[in-house]
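A quick write-up on the structure given underneath.
Here is how names work: the chains are called A, B, and so on, in the same order as the sequence lines, proteins then strands, and each is numbered from 1.
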Amino acid sequence: MHEWALAESVLTAAVETAEKEKLKKITEIKISIGELQQIEQDLFEFALNEIIKQQDKMLKNVKIIIETEESVLKCKNCGHTWKFKDMQKKLKENEAEAIHFIPEVAFVHTRCPRCNSPDFEITIGRGVSITSIKGEK
Amino acid sequence: MDTRISVIDKRLSNIKNVISVASGKGGVGKSLIASSLALILSKKGYKVGLLDLDLYGPSSHIILGVKNVLPEEEKGIIPPKVNNICFMSIVYFTEDKPSPFRGIDVSNIIIELLAITQWGRLDYLVIDMPPGIGDETLDVIRLIKKSRFLVVTTPSKVSMAAVGKLLTLLKELKLPIVGVVENMKMNNSGYVKNIVSKERIRYLGSIPFDTKIEEAIGDPLRLYKTSFMKKLEDIVLSNNIING
Ligand SMILES: Nc1ncnc2c1ncn2[C@@H]1O[C@H](COP(=O)(O)OP(=O)(O)O)[C@@H](O)[C@H]1O
Ligand SMILES: [Mg+2]
Ligand SMILES: [Zn+2]
């Protein structure tokens with residue numbers, strides 16, 4: 001499961017930020033996961049918990065809040081906007097999986113539903129990010 | 001906040017040496033040299049990885065004849081072993097379809113690949129770079145601090161003009177340059193050697209145009225036997241490019 005690598009990146013980044021801010025403890029991390037990356041939330045949370053267990057004091061009893069963000073795409077050619085959800089069903093399994101690993105290959109495997117252009121952008125909901133961190137000094 | 005950058009150093013922490021095969025110009029032999037260098041190092045018994053960062057025109061998989069393999073998922077993705085080389089490329093995810101990426105996407109892909117690829121222990125990671133000094137080069141400079149640069153040119157003035165710009169940039173940033181290889185040499189002009197030496201950069205040597213190379217593309221066992229490969233091996237050994 002590659003969710004592990006993403007979970008590890010979230011916690012590494014959180015600890016790094018906390019150290020920069022001279023926090024002694026992180027009490028809460030709010031994480032956003034963009035639909036495009038099709039994260040298995042169970043696996044992701046499992047990985048987060050496992051890594052937190054291995055970590056010492058900084059992350060002890062941290063509260064993790066996960067929000068999913070709808071993925072919106074916008075065509076640079078014709079201006080049309082659409083949601084990844086709407087086209088997900090049409091994808092072949094291997095294409096969906098490739099997008100799961102590298103969201104940008106959406107430009108390889110999908111097209112603008114209106115004008116068929118590959119020149120669109122991911123407006124929101126690409127992948128994993130931290131939206132906020134709370135802690136104690 | 002983008003969390004992926006933080007974990008990249010950790011992913012690369014067990015890699016002893018990184019050599020990026022770069023050029024200001026396309027079509028000069030970067031991919032052939034990168035793949036062949038990986039083969040040479042692997043034959044010498046080193047643990048070797050090869051990362052193809054030419055996202056628009058990936059070629060290493062063609063040179064090595066990589067077919068029907070995909071990375072395994074294990075706390076990230078594990079590059080499949082091809083001829084004993086851990087090989088990572090965007091082709092696993094594009095199925096070799098055209099890849100119309102904008103600059104920001106290129107950057108995102110490189111960051112994602114570096115954040116999720118589990119290389120494990122490597123003596124050498126060789127990177128097959130795309131031409132020029134755009135996103136890929138800037139991202140390698142930014143994200144892979146231990147990279148050294150092996151620069152490839154052809155004898156042409158046109159090639160050297162673009163390569164000179166890359167060398168100037170690398171020097172300005174005080175980045176380690178392994179040296180310059182002059183590839184596809186057809187006469188004994190000293191043009192490239194003079195320019196490179198004047199810049200106080202190591203001229204590693206030249207590789208003649210090898211008319212038989214095309215027949216060996218896609219077949220590492222045949223590649224090992226080409227005069228191209230022998231010459232590259234000479235260059236690698238005589239310049240002490242291998243240092244453990
Ligand atoms: N020394 C050489 N002799 C003959 N052909 C070569 C030599 N070096 C490279 N080539 C060929 O030139 C072409 C471009 O090489 P490639 O490695 O793809 O360049 P780049 O990665 O710089 O764009 C390929 O077909 C390759 O096989
Ligand atoms: Mg190439
Ligand atoms: Zn459109």
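- Taking a 6.0 Å sphere around CD1 of B/I104, one finds it holds 12 or fewer heavy atoms contributed by other residues, nucleotides or ligands.
- Residues in residues 79-89 of chain A take part in these side-chain hydrogen bond (donor to acceptor under 3.5 Å, both in side chains) pairs, two or more places apart or across chains: A/E70-A/K85.
- Atoms CG and CD1, on A/L6 and B/I116 in that order, are 6.5 Å from each other to the nearest 0.5 Å.
- When every heavy atom of A/A5 is checked against every heavy atom of B/A115, the shortest pair comes out as CB-O, 4.1 Å.
- In this structure, the ring pair (Phe, Tyr, Trp, His ring centres under 6.0 Å) partners of B/F93, at least two apart in sequence or on a different chain, are A/F101.
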Between chain B and chain A, which donor-acceptor atom pairs come closer than 3.5 Å, counting both backbone and side-chain atoms?
unit_1, atom_1, unit_2, atom_2, d
A/M1, O, B/K75, N, 3.3
A/M1, O, B/G76, N, 3.4
A/H2, N, B/E73, OE2, 2.8
A/A5, O, B/R11, NH2, 3.4
A/E8, OE1, B/R11, NH1, 2.8
A/E8, OE1, B/R11, NH2, 2.8
A/E8, OE2, B/K10, NZ, 2.4
A/S9, OG, B/T3, OG1, 3.1
A/E16, OE2, B/S6, OG, 3.4
A/Q37, NE2, B/E112, OE2, 3.0
A/N94, ND2, B/E95, OE2, 2.8
A/E95, OE2, B/K97, NZ, 2.9
A/H109, ND1, B/K97, NZ, 2.8
A/H109, NE2, B/F93, O, 2.7
A/D119, OD1, B/R102, NE, 3.0
A/D119, OD1, B/R102, NH2, 3.2
A/D119, OD2, B/R102, NH2, 2.6
A/R126, NH1, B/E112, OE1, 3.2
A/R126, NH2, B/E112, OE1, 2.8
A/I130, N, B/M1, O, 3.2
A/I130, O, B/M1, N, 2.8

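- Heavy atoms closer than 4.5 Å to chain A are found nowhere in B/L55, neither backbone nor side chain.
- For chain B, the option among A/I133, A/V10, A/I122 with the highest count of heavy-atom pairs below 4.5 Å is A/V10.
- Heavy atoms of B/P98 lying under 4.5 Å from chain A belong exclusively to its backbone.
- Here A/I102 is the residue among A/L11, A/I102, A/I99 with the most heavy-atom pairs under 4.5 Å with chain B.
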